[in-house]
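Below: the structure, in structure tokens.
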Amino acid sequence: ATITISCGSVGQDFEFCKKTTEDWAKKTGNTVKLFTPPQSTTDILALFRQMFAAKSSDLDVINVDVVWPGMIKDHLIDLKPYSKGAEKEHFPSIVANNTADGRLIAMPWFTDAGLLYYRKDLLEKHGEKAPTTWEELAATAKKIQDAERKAGNADMQGFVFQAKAYEGLTCDAVEWLWSYGGGNIVDDKGNITVNNPKAAKALNTAASWIGTIAPTGVLNYGEEDARGVFQSGNAVFMRNWPYAWSLGNGKDSKIAGKIGVSALPKGGADGKNAATLGGWQLAVSKYSKNPKEAADLVMYMTSKEIQKERAIKGSYNPTIPSLYQDKEVLAAAPFFGDLYSVFTSAVPRPATATGLKYNEVSAAFWNATHDVLSGKEKAEASLGKLEGKLKQIKRREW
Amino acid sequence: MSSKTRTAWLFLAPMLVTLLIVAAWPLGRTIWFSFTDANLNDMGAARFVGLENYFGEYGLFANPNHTEGFWLSDWGISILNTLQFSLVSVLLETMFGLGVALLLNQEFKGRALVRAAVLVPWAIPTIVSAKMWGWMLHDQFGVINAILQGWGLIDAKVAWTADPQYALWTVVVVDVWKTTPFMALLILAALQTLPKDCYEAAHVDGVHPLRVFWSVTLPLIRPALMVAVIFRLLDALRVFDLIYVLTSNNNSTMSMSGFVRREMVDNGYMGYGSAASTALFLIIGLATVVYMRLGRMKLSEDA
Amino acid sequence: MSRIDFQQINKRYGPSLPLTIHDATLTIGQGEFCVFVGPSGCGKSTLLRMVAGLEDITSGDLSIGGKRVNDLPPAERGVAMVFQSYALYPHMTVRENMAFGLKVFGADKAVIEQKVKKAADILQLTPLLDRLPKALSGGQRQRVAIGRAIVKEPDVFLFDEPLSNLDAALRVQTRLEIAKLHHDIGRASMIYVTHDQVEAMTLADKIVLLRAGEKVQTEGSVAQFGTPMDLYHRPQNLFVAEFIGSPKMNILPGRLIAAEATHAVVDVLGVAVTVAVDARRAKAGEAVSLGIRPEHLLHGEAEGAALPVRVRHLERLGESSMLYLDPQAAAASSAAVALPLMTLRIEGHASQGAGQSMQLRLRPEQCHLFDAAGQAFARTVELPA
Amino acid sequence: MSRIDFQQINKRYGPSLPLTIHDATLTIGQGEFCVFVGPSGCGKSTLLRMVAGLEDITSGDLSIGGKRVNDLPPAERGVAMVFQSYALYPHMTVRENMAFGLKVFGADKAVIEQKVKKAADILQLTPLLDRLPKALSGGQRQRVAIGRAIVKEPDVFLFDEPLSNLDAALRVQTRLEIAKLHHDIGRASMIYVTHDQVEAMTLADKIVLLRAGEKVQTEGSVAQFGTPMDLYHRPQNLFVAEFIGSPKMNILPGRLIAAEATHAVVDVLGVAVTVAVDARRAKAGEAVSLGIRPEHLLHGEAEGAALPVRVRHLERLGESSMLYLDPQAAAASSAAVALPLMTLRIEGHASQGAGQSMQLRLRPEQCHLFDAAGQAFARTVELPA
Amino acid sequence: MRRSPAATAALYTLALLVTLVSVFPFVYAITTSLKTGSELFSTSLWPENGSLANYVSLFTVAEQPFGRHVVNSVVVSTLVVVLSLFLGVTAAYALGRISFRGRGLLLTTILGVSMFPQVAVLAGMFEMIRALGLYNRSLGLVLPYLIFTLPFTVWVLTTFMRQLPKELEEAAIMDGCSPWRIIKDVFLPLLWPALVSTGLLAFIAAWNEFLFALTFVIDNNERTVPVSISLISGASKYEIPWGKIMAASVLVTLPLIGLVLVFQKKIVSGLTAGAVKG
Ligand SMILES: Nc1ncnc2c1ncn2[C@@H]1O[C@H](COP(=O)(O)OP(=O)(O)OP(=O)(O)O)[C@@H](O)[C@H]1O
Ligand SMILES: Nc1ncnc2c1ncn2[C@@H]1O[C@H](COP(=O)(O)OP(=O)(O)OP(=O)(O)O)[C@@H](O)[C@H]1O
Ligand SMILES: [Mg+2]
Ligand SMILES: [Mg+2]
């Protein structure tokens with residue numbers, strides 16, 4: 001049978017995908033065709049939904065973002081009959097995320113979580129430590145920023161992150177909320193919890209960064225914008241995904257070797273560390289003509305050997321806890337060990353609870369957050385409105 | 001049916017048939033869905049809900065949940081944004097387009113190259129040019145801020161696409177940059193078909209060039225200009241990708257098309273999204289009719 | 001001041017093309033009415049357009065009112081022009097077309113209104129004032145073009161065949177109006193292109209007859225420049241003689257028998273014809289051409305040499321008739337040469353029929369004589385100025 | 001077969017506009033040469049365009065060769081047309097313009113070549129064959145338009161003022177060529193619009209004179225349809241009388257004194273003038289108009305009634321002169337009425353001067369008489385057909 | 001008639017300014033395409049150590065055959081333009097030169113087709129494409145593209161067609177031309193400026209279309225240029241491969257510039273000069 005798989009468009013992803021699928025094809029005597037999905041996650045989802053709506057059998061295996069299962073669960077087959085229990089090896093939180101109505105609709109493939117990057121050299125120079133709370137971060141950032149600016153680097157910024165009105169802002173804001181104990185927008189039972197003082201505090205704190213330690217421009221920053229500023233040596237702190245590590249330490253990077261990574265700060269002394277859960281799964285389309293072969297491919301690609309290989313060669317975070325103790329893996333990506341807890345305790349966005357309406361919820365949330373950040377509204381007012389909006393979105397049920 | 005009329009329909013037939021094949025199903029389907037509660041997740045389960053999507057409890061218009069008033073709802077804001085954006089950008093494009101067309105209409109050395117150069121903004125794919133501008137307008141490493149700072153025009157780096165104060169106008173500027181060639185090229189074609197001899201008459205009459213432009217050129221190219229503006233207006237009212245790429249899909253800059261996309265694709269509300277697109281269709285239709293009335297454009301005028 | 005001076009004006013449309021206008025030198029005095037005539041394509045419109053400033057002057061100097069205007073834009077020359085192709089503004093009504101030239105000068109609304117009304121009355125356009133050009137007949141369009149020029153009352157009027165599409169009555173009337181206008185404005189000069197000889201003769205103070213074809217390159221564009229009577233009675237060469245007058249002058253080949261200061265005797269088809277010219281610069285035996293206008297030929301019994309002819313066919317025009325005649329060469333003379341038909345104009349209804357033989361009489365004082373190069377011998381009779 | 005029948009043809013350009021053509025009924029026989037004349041804007045082009053099929057017929061029947069063609073497309077009517085506005089294909093050279101019609105027809109290349117060459121020779125366009133229309137003079141463009149029609153040798157030729165921009169010599173020549181063509185093709189019918197009376201008179205088998213203005217609505221478009229001599233000698237009404245002939249007929253108001261079968265006596269400005277018409281249908285005392293053409297007025301000593309006049313001004317045209325005269329009404333008659341100027345045409349160079357008094361003689365057999373409604377009384381003299 | 005020196009100077013200055021504004025981002029794109037690595041984040045207009053690596057890399061990924069994509073785009077766009085112009089010209093003849101009832105309504109309806117946002121018709125179009133069996137073929141894109149190029153070409157050509165002198169058509173009718181022949185031999189040559197302009201605009205529109213191309217074609221070999229560019233990938237998920245994208249953009253814009261250079265010669269004035277008087 002011929003299996004068409006969508007497993008990433010970016011270079012490294014693609015190379016891996018190609019190699020593993022070829023191996024599988026050779027092993028099983030099937031053929032595999034690679035589909036190159038668009039870059040933007042939103043675009044990929046739109047495309048998939050379009051194809052599902054048309055019951056297209058053109059795609060067998062698809063890559064699934066961590067927040068999607070709720071939205072596309074109806075179009076994916078249950079992998080349980082094919083997994084033979086293999087899912088038990090993976091992080092349970094992720095498996096839970098991938099389970100809907102008792103069906104295992106996707107297999108974890110790799111995971112992702114927000115990290116705080118900082119300039120080791122600058123912190124050292126100004127005698128600071130990596131901050132543990134947002135407040136510390138703000139103070140440190142301000143101090144170093146002002147000092148550096150005085151020293152001639154007018155473009156120095158304290159902190160850059162993703163605050164463009166898009167899914168990335170939801171990720172960032174969930175971290176803030178969670179770290180201040182402000183909940184997770186919608187709790188597991190589907191109750192709208194976002195309108196609470198802690199959440200408001202979190203957002204107001206974030207808003208206070210804009211124009212002080214963060215440029216107004218962050219309001220339109222995505223991952224790359226932030227990395228661009230950080231990597232050209234113009235920022236002290238950055239919130240980003242693990243991918244920035246290897247690039248930041250790349251050959252032509254101005255700050256290679258000067259980067260430190262830590263967990264994101266807590267919200268105040270009694271806050272928690274919080275990192276939003278990211279990452280991708282693999283799933284089989286309900287409309288696939290060869291579900292059996294497709295499922296087999298999924299199982300192969302999410303297997304331990306393959307994840308290990310990917311962790312070593314591409315520093316993809318495995319979804320199998322045992323791999324975080326694997327020596328070969330740790331040798332390649334030392335912070336896997338240091339930040340193990342970050343990855344295991346990553347906060348999922350409220351995708352499971354809100355199901356089909358997750359996108360809507362997320363958009364409403366990032367818009368409300370953006371309004372606060374851009375100073376249009378105070379967090380309290382904005383969150384109040386957001387609550388109303390979320391109620392409207394929810395209507396009778398999620 | 002007279003033979004002339006028969007000829008007319010005969011010549012129209014291929015185009016009409018093609019258009020019917022291409023457009024009838026998609027458009028009809030969209031309009032139909034606007035009366036249902038179809039969801040992208042399960043299209044088969046669509047139920048007819050009448051005007052629910054338009055005027056129902058959660059409808060586009062008359063939504064009682066819009067406690068702050070219609071114009072502050074996402075849909076209301078997107079309508080206002082779109083109208084604002086369209087009016088300003090089309091106006092500017094028309095003016096610049098006219099100017100550039102008049103320039104390209106002159107004889108001078110290197111005209112061919114300038115003509116090609118002028119078309120470059122239009123020729124670069126939107127997905128690229130939008131990102132390119134996004135990059136160039138980047139507050140930290142964007143070349144625009146660098147240049148403006150270099151010339152001393154601004155002293156602090158401006159967050160062109162992020163600052164709500166500038167975002168929409170930045171989009172307008174980029175749109176004007178990108179689509180002025182469209183106007184210019186169409187107007188240029190119109191300029192080139194003007195009768196020469198009445199210009200000679202005006203010349204001998206000693207009419208000032210500006211006056212000639214105003215009293216002779218403009219009326220004569222008006223039909224073509226009107227059409228160019230109509231299509232620009234249509235495009236502008238449906239603007240999406242530029243805003244989407246440049247400023248993200250923030251409420252404060254969202255366009256009607258952006259709203260449609262959000263509802264239809266991101267949120268999967270086919271019915272509601274279809275209603276929004278049908279409403280958008282009606283709004284555009286209305287705008288066009290108003291425009292054609294204002295411009296006293298006659299569709300059935302003879303040669 | 002609106003004297004117009006052409007100094008050795010040349011015009012070449014393209015580097016590889018021959019000169020269209022060659023060495024045009026003439027002066028049109030202030031307030032003079034000058035008519036350009038010449039064969040189709042001889043360059044009348046070109047010359048006019050050069051005065052208007054619409055066509056570059058290849059070489060030579062053009063001055064208006066004593067000022068060289070070669071490089072002056074049209075607007076600054078103070079001219080109004082009626083284009084051969086009308087050049088109406090297609091989007092303006094008749095009224096707007098006529099008013100436009102005035103409006104741009106910032107003339108008073110009431111004044112414009114009144115001028116347009118007057119012109120429309122003269123040109124019988126009043127009921128059409130609110131129509132667009134495309135709903136007008138050819139003649140009506142032409143009248144709008146005239147109207148547009150005359151409302152402006154400029155220093156120099158340029159008319160390019162302004163009446164060609166009008167009917168006789170309207171034409172006469174408009175012609176008179178133009179003459180009147182010219183007279184009223186007084187200081188305005190006019191250049192007027194026409195194909196209608198009656199127009200040329202009646203309107204012109206001066207006529208410029210332009211050449212076409214090969215000879216332009218060698219002899220220049222201007223064939224003759226003078227008063228209407230000059231061109232009619234004293235054509236300087238065969239080209240002028242043949243061009244002016246309708247039907248055109250009869251030209252017969254001949255040989256000089258005697259060349260005196262007061263007259264010449266010419267052998268024409270074996271008949272000795274006396275011509276009242278000063279022929280001293282020629283010698284007996286030379287080949288010459290004898291010219292006589294159709295309206296000057298006499299027939300039946302009258303004085304003068306008698307030329308036998310036979311009627312080929314005839315045209316009746318009502319008030320007069322035109323007879324086309326085959327000269328019957330005397331057996332002796334060159335019968336081999338195919339002779340052109342001669343034309344005779346008879347008042348009223350001609351009684352002759354085709355095939356009939358006649359005797360034509362040529363009065364010495366009505367004949368013209370040209371040498372082999374086509375140059376005229378000066379006539380010795382007294383002629384109107 | 002190319003007989004053309006107009007049966008009560010009407011044309012209205014717009015619902016709110018008056019009829020442009022009203023009740024045109026006429027028949028142009030096969031091979032006939034019919035000339036349309038009439039004031040500018042009277043509908044000549046419109047009528048022509050209806051024959052061509054370019055303009056819808058509002059009501060009435062048009063048939064060509066016995067077949068009703070109201071709804072036949074132009075291409076199937078077998079007509080060729082010269083447009084008043086030329087309508088040349090601007091992107092084709094002169095040669096291509098002329099060849100296009102034949103090419104569409106699928107004619108042989110060699111045949112096309114040869115026909116175009118011939119037409120170009122006739123029209124003196126040979127050196128211009130490879131030019132585009134925009135590099136041609138007005139007359140040259142017009143000739144191309146003619147050439148385009150004649151190469152096609154159709155059943156019906158439609159010419160809309162085809163010679164208006166040509167000089168006299170070329171005009172005569174082209175006119176002759178068209179007549180020759182008409183003669184050669186034989187069975188082809190021609191409809192020809194012109195403002196040139198000489199053309200109309202010399203070319204036409206039949207002339208259609210169309211009315212313009214108010215009277216079209218009441219009396220129909222066709223003022224008279226007949227041979228040239230008919231229109232000249234037997235104008236059916238004042239309009240025709242005044243329109244045909246240049247300069248136009250002198251019209252004097254009068255009152256009938258005696259109305260006989262062979263003649264009438266009219267009191268004109270106090271002078272009793274005898275007119276050779278059958279006036280029985282009128283009664284003495286009725287108001288009438290007396291008409292006499294400028295070329296028929298006699299002066300000095302001659303028979304006939306004598307009308308005292310004074311010379312207002314005069315024009316000299318070379319071969320003839322035109323005198324404009326103020327009639328000197330006898331004190332008794334209606335001096336209050338402003339009388340129109342009369343025109344007198346004198347052969348040769350007039351000796352009179354302005355202000356001079358003269359006596360005009362009106363010969364009974366040269367006079368026309370019209371009743372108060374403008375209808376002519378039948379003339380009783382023998383007249384050319 | 002000559003221009004004064006001041007006017008000439010003004011003219012060239014303006015031309016220069018317009019050119020600069022138009023191509024500045026493009027120049028920026030070129031320089032960016034020559035940059036690699038961190039240099040991308042610098043604002044300098046000139047690459048310190050320019051390299052053609054980005055260009056080379058475009059053609060070395062077997063799964064994303066850029067050359068093939070360019071060919072696909074050329075074929076699709078050309079077909080779209082040819083079809084649109086053909087259908088547009090014939091329809092414009094009927095709409096512009098023949099008066100019949102319902103003309104205004106028809107024009108409005110045609111315009112109405114382009115009043116829906118692209119996303120709104122996406123789903124329906126997707127179904128239709130699949131029903132017609134055109135799914136996953138670049139050639140299948142021709143049909144959906146007509147939905148935005150056809151109304152445009154019809155309207156523009158109708159406007160231009162309407163302005164040609166009536167007498168020319170009549171002369172052609174008298175010469176025995178069929179309507180098709182009139183269009184082909186008389187109108188088309190006079191419509192060159194309009195044809196070239198609309199053709200170029202439609203070509204570019206088809207060339208740059210993204211949403212349909214992304215949705216209706218999933219085969220790597222069948223993709224068109226904009227999708228191809230959007231799929232150009234950096235080394236990892238969030239990295240935008242600016243250099244390569246710019247290189248690709250430069251590469252796909254150059255042929256368009258060539259196209260303009262070739263066809264702009266047809267945008268000449270005075271095509272109808274000398275045709276009619278009045
Ligand atoms: N499209 C039109 N709409 C309205 N009226 C028109 C239209 N075309 C012509 N006319 C009017 O119809 C009348 C007849 O026009 P036509 O062109 O037939 O005149 P014509 O006899 O050829 O005049 P001319 O000798 O000036 O060419 C004119 O008064 C003209 O104004
Ligand atoms: N743009 C041009 N390029 C080349 N030759 C031209 C151009 N315009 C006119 N000519 C030629 O120049 C000559 C003079 O043209 P012009 O229009 O002055 O003639 P004209 O005397 O007005 O003739 P007509 O009486 O026919 O209008 C003609 O032979 C014509 O073919
Ligand atoms: Mg001329
Ligand atoms: Mg006419």
Side-chain angles (χ1 to χ4, degrees), chain A residues 40 42-43 45-47 49-50 52-55 71-75 154-155 157 160 163-166 168-169 210-211 215-222 224-225 228-229 232 234-235 355-364 366-368 370-371 373-376 385 388-389 391-393 395, chain B residues 38-45 57-58 63-68 72-74 77 127 131 134-135 137-142 145-146 149 155-167 170 244-254 258 261-270 272:
Chain A
S40 131
T42 329
D43 288 345
L45 179 62
L47 187 60
R49 294 177 106 185
Q50 204 74 57
F52 291 147
K55 302 191 169 27
M71 283 182 273
I72 58 173
K73 57 180 186 244
D74 296 343
H75 306 277
D155 289 339
Q157 306 293 345
V160 291
K164 178 169 149 178
Y166 79 128
L169 177 55
I210 310 289
T216 322
V218 291
L219 289 173
N220 205 24
Y221 277 10
E224 275 302 84
D225 303 279
V229 177
S232 34
N234 288 337
L356 272 180
K357 292 179 181 170
Y358 170 72
N359 260 352
E360 230 175 323
V361 171
S362 174
W366 83 54
N367 269 318
H370 199 267
D371 282 351
L373 294 187
S374 60
K376 254 177 47 184
K385 265 190 229 162
K389 198 162 221 167
K391 279 187 180 145
Q392 194 184 330
I393 294 169
R395 301 191 190 179
Chain B
N39 191 298
L40 190 59
N41 193 47
D42 186 3
M43 305 280 278
E57 192 188 346
Y58 297 104
N63 185 337
N65 300 306
H66 292 161
T67 43
E68 292 128 27
L72 285 175
S73 70
D74 285 2
I77 290 175
I127 49 156
K131 281 187 189 162
W135 208 242
L137 288 165
H138 199 282
D139 61 330
Q140 294 306 313
F141 41 82
N145 270 338
Q149 259 185 333
D155 33 52
K157 288 189 165 166
V158 179
W160 298 107
T161 55
D163 202 328
Q165 189 184 347
Y166 303 117
T170 306
Y244 187 71
V245 177
L246 271 184
T247 70
S248 78
N249 217 3
N250 180 15
N251 276 352
S252 59
T253 53
M254 187 161 51
R261 185 194 145 105
R262 193 183 79 183
E263 293 305 325
M264 230 175 185
V265 179
D266 296 344
N267 299 347
Y269 297 134
M270 280 309 275
Y272 188 61

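In what follows, chains carry the letters A, B, and so on, assigned in the order in which the sequence lines appear, proteins first and then strands, with residues in each chain numbered from 1. Scope of the values below: all heavy atoms of this structure, side chains included, with no hydrogens, waters or symmetry mates. A quick note: this is a predicted structure, and the numbers were derived from the prediction, not measured.
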Go through the atoms of [X] and report whether side chain, backbone, both or neither lie under 4.5 Å from a heavy atom of chain B.
X: K376(A); value: side chain
X: K389(A); value: side chain
X: Y221(A); value: side chain
X: K55(A); value: neither
X: N234(A); value: neither

So which residue, T42(A), I210(A), V160(A), ends up with the most heavy-atom pairs under 4.5 Å with chain B? T42(A)
[X] side chain to [Y] main-chain N or O, any donor-acceptor pair under 3.5 Å?
X: H75(A); Y: N41(B); result: yes
X: D139(B); Y: A159(B); result: no
X: S374(A); Y: H370(A); result: yes

Pair D74(B) + R262(B): basic N to acidic O under 4.0 Å: yes
I'd like to know if D42(B) and R49(A) make a salt bridge, using a cut-off of under 4.0 Å between side-chain N and carboxylate O. no
